[in-house]
Each structure stands twice: as C-alpha cells, then as structure tokens.
2 protein chains.
Amino acid sequence: MSNIEALPLLEPEAPESAVPCCPPLTERPLTADEAEKTARMFKALGDPVRLRLFSLVASHEGGEACVCDISDVGVSQPTVSHHLKKLKEAGLLTSERRGTWVYYRVEPSVVAAMGQMLGTLG
Amino acid sequence: MSNIEALPLLEPEAPESAVPCCPPLTERPLTADEAEKTARMFKALGDPVRLRLFSLVASHEGGEACVCDISDVGVSQPTVSHHLKKLKEAGLLTSERRGTWVYYRVEPSVVAAMGQMLGTLG
DNA sequence: CACTTGCTTCGACAAACGTCAACATAGACA
DNA sequence: TGTCTATGTTGACGTTTGTCGAAGCAAGTG
C-alpha cells in the first residue's frame, strides 16, 4: 500500500516558530484552545500604556531598555511595573537584572508569530 | 491669543477609519495618540471569542460570512452580535445586509497595517 | 551598619468588560 | 395585514482590569 500519498504537508517548520501557536487567521477557523492562547498575546498589546512600553523597548538601542529609561508614559511607576509583568507573562518581553537595573527586551519569535497570523492577509 | 486653537478633537469621524496608523513598533516609541488608536485594534483581537469570530470570517469562502454561519463559538447569539460590533468598531470587519442575512468581511488594509507593525521584528 | 535608589508586590477601588435573557427591529412571505 | 425568521439593542449581573499609594525586596554607597 502506498502510504506515501497522504503525507501531511507540514514541512519542517520555519526557524522562528519556537512558539507552538497557530496558522494564519485566514487559513481556517481557530479552535477554542488556539484562540485562548493567541488572544492572550493580542490582549497584551491591547492597552495603550503597554503598547507604548513595548514599542519603547522594541525601538530602544540595543533592543533592550531598563525600567529607568521609561518614566514618561503617564502612569505611576508601580503601574509601569505591572504592565511590564503582563507583557512578560504574555511572552512578548523578557527581563534580566544586571546590577542595580532591570533590563527588558522583546521576544522576537512570539512577535513574529503574531505578525504571521496577520501578515498573509494583504 | 486666539481661542480658536483649542479645537475639541472629537470630530464625528467614522468609527472604522481604515487608515494605516503607525510605523513598525521597532522604529520609534509610539506617541500616546498612536498607542491609543493602535491598542484599540489589538484589543479587539484580545478576546478568544472575537478572535474565533474574526478567524471564521477571514477563512470563510468568498472572504465573507453571515452570522448564520457562526453559531458554534460557545456563546449566545446576542453575545456574538456584541462581539461582531466590537470588531466593526475597531475597523477590522465591515458588515452589509443582503436580504435576510447580514454578511461580515475583513478589512484587509487594517489587518495588514497591524501585521506590518509586528512583521518587521523578525 | 544605616541610608539611598530602583523595582516589585500588596491592598483597595472605580471603570471597563463579557455574558445572558428579554425586548426590539428588519426583512421575507402568506 | 400578520406571522415567522434573522440580527441587533437594552439592562442587569458578576468578573476582570487599570490605577494608585504604601509597603517590601534587592543592590549599591557611605
């Protein structure tokens, strides 16, 4: 029997799919589980303050920024910390303490995955 | 000093302004205004039910789906209607009534804009 | 050690959100 | 006209979220 014919057309994944996420939104309806996971990432960017924080880190020189660099987003410092934590929990940022300061940087694979879910729509 | 300068910035603009909003998130920190606009779009996809609805419309044949096609997302019909409205207000979907049914389709420009803000990160 | 600075966690509160049942509206059809 | 079906809107509800001040760690300095 030729078991060759029904090969699942899932080739070795693209290098940046370190994230077990989802196909482009146009490919097929998401399952409840996929939607749950993915929505968490989009929700993380669904707040103006968090979006500014993320953009600030993403555009900062060296790809990272310490919390001390961000004090002008219009909210108190505990609130900044709270939002950074949310972004971390969503997998969009990572943090590292170096001496006195804590540095945040973006997690490219996760962001790329989000982009791919949207990008193929155009 | 003219008192004209302080125009109330609340124009009666269309709720779905399909404008390419902002530069890639890596280019420079977003302004408060840009973040406000953009966050509205991401927030729209930040709910599992909405994400499923959106994916359902986006992946449906012909690029559009009527509400009758979507009855298995696990919430009541009024809730579906509510979420579709949210997606419309965010500019991600448009709707059109044809006879008995209402058809929804994705707004490609807005989705593409979101993808561009993320896509250049990889 | 005490003191200062950078950041996180805690406790509380108002506002926003998701959900549903009930009601309302729009069109098709008899 | 009236009735039926397909969607949207309203009002109410419990839950989640964003925000702050106060307190708690962590690390450097005198």
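Just so we're on the same page: letters track the sequence lines, and every chain starts at 1. Because only heavy atoms are used, hydrogens play no part in the values below, and waters and symmetry mates are left out as well, while side chains stay in.
Heavy atoms only, all atoms of each residue included: A/Leu93 and A/Val106 are closest at CD2-CA, 3.7 Å. When every heavy atom of A/Val57 is checked against every heavy atom of A/Tyr104, the shortest pair comes out as CG1-O, 3.3 Å. A/Val110 approaches A/Gly91 most closely through the heavy-atom pair CG2-O, 3.3 Å.
Comparing A/Lys43 and A/Ser76 by the nucleotide of DNA chain D whose heavy atom lies nearest to each, the residue mapping closer to the 5' end is A/Lys43.
Protein chain A contacts DNA chain D from D/dT17 to D/dG28, reading 5' to 3' and using non-hydrogen atoms of the protein with a distance under 4.0 Å.
Look at B/Glu34 and B/Arg28 and you find a salt bridge, because one of the NZ, NE, NH1 or NH2 atoms lies within 4.0 Å of a carboxylate O, short of that distance. Ion pairing between a basic and an acidic side chain is recognised when a charged N comes within 4.0 Å of a carboxylate O; A/Lys88 and A/Glu107 show no such pairing.
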Could you go through nucleotides 7-9 of chain C and list every protein N or O atom that sits under 3.5 Å from one of its N or O atoms, giving the distance for each pair?
{"residue": "C/dC7", "atom": "OP1", "partner": "A/Cys68", "partner atom": "N", "Å": "3.4"}
{"residue": "C/dC7", "atom": "OP2", "partner": "A/Cys68", "partner atom": "N", "Å": "3.1"}
{"residue": "C/dT8", "atom": "OP1", "partner": "A/Tyr104", "partner atom": "OH", "Å": "2.7"}
{"residue": "C/dT8", "atom": "OP2", "partner": "A/Ser81", "partner atom": "OG", "Å": "2.6"}
{"residue": "C/dT8", "atom": "O5'", "partner": "A/Ser81", "partner atom": "OG", "Å": "3.1"}

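Counting to the nearest Å, the C1' atom of C/dT19 and the NZ atom of B/Lys86 are 11 Å from each other. Nucleotide C/dT19 holds its P atom 12 Å from the CZ atom of B/Arg52, rounded to whole Å.
With sequence neighbours left out, B/Arg52 forms a side chain to side chain contact (heavy atoms under 4.5 Å, CB included) with A/Ala32, A/Ala35, B/Val73.
Among the heavy atoms of the strands, none lies under 4.0 Å from A/Arg98.
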With side-chain contact (heavy atoms from CB on, under 4.5 Å) as the criterion, how do B/Lys43 and A/Lys43 come out once you've worked through the C-alpha distance, each side chain's angles and the decisive distance to 0.1 Å?
CA-CA 5 Å; B/Lys43 183 189 282 186; A/Lys43 183 189 281 185; over 6 Å; no
List the steps, then state whether side-chain contact (heavy atoms from CB on, under 4.5 Å) holds for A/Val102 with A/Glu96.
CA-CA 6 Å; A/Val102 177; A/Glu96 179 196 359; over 6 Å; no
